[in-house]
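Below you'll find the structure, written out as structure tokens, and then a few comments.
Convention: sequence-line order gives letters A, B, ...; per-chain numbering from 1.
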There are 2 protein chains.
Amino acid sequence: MSAQAPHNTLLIPGPIEFDDAVLQSMSHYAESHVAPGFVKVFGETLTLVRKLFQSTNPTAQPFIISGSGTLGWDLVSANLIERGENALVLNTGYFGDSFGQCLETYGANVTHLKAPIGDRSSLEEVEQALKEKAYKLITLTHVDTSTGVLSDVKGVAQLVRRVSPDTLVVVDGVCSVGSEEIAFDEWDLDAVLTASQKAIGCPPGLSIVMTSGRAIQVAQSRKTPPGAYYASIANWLPIMKNYENNKPSYFATPPTQLVHALHTTLQQITADVPGRFAIHTEVSDKVKAAAAELGLKQLAARPECQAHGMTALYLPEGLSPPDVLPGLLKRGVIFAAGLHKEIASKYIRFGHMGVSVTDPKRGDVEKALAALKEALAEAKQAKGL
Amino acid sequence: MSAQAPHNTLLIPGPIEFDDAVLQSMSHYAESHVAPGFVKVFGETLTLVRKLFQSTNPTAQPFIISGSGTLGWDLVSANLIERGENALVLNTGYFGDSFGQCLETYGANVTHLKAPIGDRSSLEEVEQALKEKAYKLITLTHVDTSTGVLSDVKGVAQLVRRVSPDTLVVVDGVCSVGSEEIAFDEWDLDAVLTASQKAIGCPPGLSIVMTSGRAIQVAQSRKTPPGAYYASIANWLPIMKNYENNKPSYFATPPTQLVHALHTTLQQITADVPGRFAIHTEVSDKVKAAAAELGLKQLAARPECQAHGMTALYLPEGLSPPDVLPGLLKRGVIFAAGLHKEIASKYIRFGHMGVSVTDPKRGDVEKALAALKEALAEAKQAKGL
């Protein structure tokens, strides 16, 4: 059984439940960030990030930086686009709005292609938008944590290469990396940014960004200096290269304990990357079928727009998250409330990623589905519905 | 005895050895960043930061953000100064150079007042510099980790208030907070930025910044928007205020495990803040006396310029760090090599902060001094010196 203190099961769209070995890595004894032992672990972790992204192209470059997932937006916005250049944001919710604000902070001209809540723009709409202006980069949220909408990363990337080949394809993979398939080289992506605490199964505190050779070249051939210091690719690039070549290097102190935890979880994940996506799909299908049986509708209506690591569910008319979440908690399960500003009071979010999915012995998903059924019934009864 | 796996004693100027309870907090089970339990812990941690800085002024504002200490430079440079405004950097080593680069990234005009290696500028020199231009802010490195030079924060702050009262006083306290006295309100400081992994005794991964009401007002009355998104005071301010008022709030996911560890160590430290400074001074005096007895000279020649949490020591003529560090390691002790570019091969650095100092039962400092004596003798003999 788990070595962790008894606690309610965390099934929000991140942070998620941890594997015992990952959590034990967090209490690694004090180490110098430039000592051989740590240099080796950090270097291996960078190489494992390549594996996670199914990338073998040596010009691609992973970054692991102390910070939250949000920092990845700054890394993109301060390095891959310059003041006055155009960015197209495929907006599927809260996180598209925010990424757009970040891009604007660094001077980009941002155009949002907004999809209706629970949906994504069609490839035709994206193609039309791409033809209206020359875009330095296009961003898409692979899975919008606020809505559970899945974007068609592969399709959009193919489209961009066909109609606007120099436009950088930037994917916000905070809620997708580790649970949704990403073939970084094969899909010809330029940047995927993510965080440690969702499907990667590590505690929060790491910004993880994978970049293509094309993206690095764009960063290195800027006409103006990078817009940030801590989030500067120029400052971090030699550090990441050195560590992966087993050489200590210093720009800012890496979070040694978190890197150990990431190392542990990536070793587990990369043992079978396709298997990981398959099991997330299988469990997601089960969750979505069970929710349908309970009469609950998803925010993401069309199956091809539904994420595999989380499900956003409309509550029955007359119920809001505070009517249902306490009933779940009473049964040892934690879901999240709605996040999309316009409809936050109408839905709940169920995260099914990482060990809760890959370790069936835990029984987390079954427990959650049973708790959801009971909590809903209880809430309806209390409201006389 | 310690619950940690056996390991060499880490006595570099950060990261440092951890208290067992602090390290245990790192493996806290998964928690939602907006759940009541975590909100309470984060809020209390912010209040403990005030206590650490001996601050009771309600207009002062602490920030705890996922990132390394370096991120604090961006927080200052992107919010407290605008493009084209002047910054005066009191430069006592490597970290003054880098803070200057960060300020320039965000468009500041930076003037360095450079002290000779191992020394600091006099108050007269600072006064003269302040009279030459109108400076939006002045920065000083409280303890420069590359040299062990201690700055006169209180004296400089008094001087600034007298000759240039609107200039913000910004202190890089990465290597000082927790081991050197700082009376934030009494000294009338505007920003002190630090990191978790030095004298605060927490693993690396947190940027901690204390700001005055005056600094917040400057950030809020900018003529131009903040220069960064992740490092934007405007984005973080409501979050920090909400957590401290026990209200969940979201801008980016906080590193929950690191916040627990910071909470644990700050509870320990703030039980007796003056006592903490006193013991660091006492042990530092002992280290410096022992080094003098071994015939070793400090980079910081004048006693008033010597830090109390670390000591940078010139090696005897003919020896360089690779001659001595392995001998220390053989005896279970890790020191750091030199870092100041011009003289890196001539000196070593000994960090004496946190539990290694406050828990005499560990015997870390005695062990280090004995190892240093032996390793030096061995190295001299090997070189025929």
### Task
Please flag which part of B:Glu17 lies under 4.5 Å from any non-hydrogen atom of chain A: side chain, backbone, both or neither.
both
### Inter-residue atom distance A:Gln197.CD - B:His33.NE2, 0.5 Å rounding
7.5 Å
### Query
What part of B:Phe335 is in contact with chain A, defined as an atom under 4.5 angstrom from a non-hydrogen atom: side chain, backbone, both or neither?
neither
### Query
Mind checking whether B:Tyr29 and A:His7 have parallel, tilted or perpendicular rings, split at 30° and 60°?
parallel
### Summary
What one should report as the nearest heavy-atom pair of B:Ser66 and A:Gly205 is OG-CA, 3.5 Å
#### Entry: Structural part of A:Phe95 lying under 4.5 Å from a heavy atom of chain B
side chain
### Message
In the structure I gave you, are the side-chain heavy atoms of A:Thr256 and B:Pro203 within less than 4.5 Å of one another anywhere?
### Response
no
### Query
To the nearest 0.5 Å, what is the distance between CD1 (B:Ile65) and CG (A:Leu71)?
11.0 Å
### Residue, of A:Pro255, A:Gly14, A:Ser68, that accumulates the most heavy atom pairs under 4.5 Å with chain B
A:Ser68
### Query
Non-hydrogen atoms of chain A under 4.5 Å away: do they reach the side chain of B:Glu104, the backbone, both or neither?
neither
### Query
Can you find a pair of side-chain heavy atoms, one from B:Ser27 and one from A:Gln24, that are under 4.5 Å apart?
no
#### Entry: Shortest non-hydrogen contact between A:Gln257 and B:Met26, atoms and distance
CB-CE, 3.7 Å
#### Entry: Main-chain N/O of B:Leu75 paired to A:Tyr230 side chain as donor or acceptor, under 3.5 Å
no
### Query
Is it the backbone or the side chain of B:Ile16 that comes under 4.5 Å from a heavy atom of chain A, or both, or neither?
backbone
### Task
Decide yes or no for A:Leu258 and B:Leu258: does some side-chain heavy atom of the first lie under 4.5 Å from some side-chain heavy atom of the second?
yes
### Message
With heavy-atom distances below 4.5 Å as the criterion, would you say the side chains of A:Ser32 and B:Leu10 are in contact?
### Response
yes
### Query
So do A:Ser98 and B:Tyr229 actually touch side chain to side chain, heavy atoms under 4.5 Å?
yes
### Query
So which of A:Thr253, A:Val22, A:Leu339, A:Leu103 has the biggest tally of heavy-atom pairs under 4.5 Å with chain B?
A:Thr253
### Query
In Å, rounded to the nearest 0.5 Å, how long is the span from CG of A:Asp74 to OG of B:Ser232?
9.5 Å
### Task
Answer with side chain, backbone, both or neither: which region of B:Pro13 has an atom nearer than 4.5 Å to a non-hydrogen atom of chain A?
neither
#### Entry: Which portion of B:Phe99 sits near chain A, non-hydrogen atoms under 4.5 angstrom
neither
### Query
For chain B, which of A:Thr70, A:Asn235, A:Ile12, A:Asn8 has the most heavy-atom pairs under 4.5 Å?
A:Thr70
